[in-house]
Amino acid sequence: MNVELHLDPRPPAAALEDLISRHGPARVAAALLRVLAARLRPSRRRSADDLSGWLRRDIGLDPLGKNPEYWKFLP
């Protein structure tokens with residue numbers, strides 16, 4: 001495998017100062033607020049039970065209400 005990991009050896013404060021000097025304090029603060037707001041937002045994940053019958057069929061799931069009979073797979 002040809003992967004190299006390049007870690008920044010500087011302390012976080014020095015890296016933050018470098019970001020502020022390159023992009024300005026307003027842009028860095030706006031980016032930080034976007035990251036923090038994204039963590040507070042609820043996830044948009046949906047369960048398979050929320051999908052319509054047509055979509056379930058298209059992706060290869062059984063129709064709703066039909067659970068597999070697991071006892072048929074037991075020895």
Validation row: V28, P25 side chains within 4.5 angstrom (heavy atoms)
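No, too far: nothing below the 4.5 Å cut-off.
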
Do any side-chain atoms of residues 10-18 form donor-acceptor pairs under 3.5 angstrom with protein atoms, and if so which ones, sequence neighbours left out?
residue, atom, partner, partner atom, Å
R10, NE, D8, OD1, 3.1
R10, NE, D8, OD2, 3.3
R10, NH2, D8, OD2, 2.9
D18, OD2, R22, NH2, 3.4

Other cluster members, L32 - Ile/Leu/Val/Met/Phe/Trp/Tyr, side-chain contacts below 4.5 Å:
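L32 shares its hydrophobic cluster with L36.
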
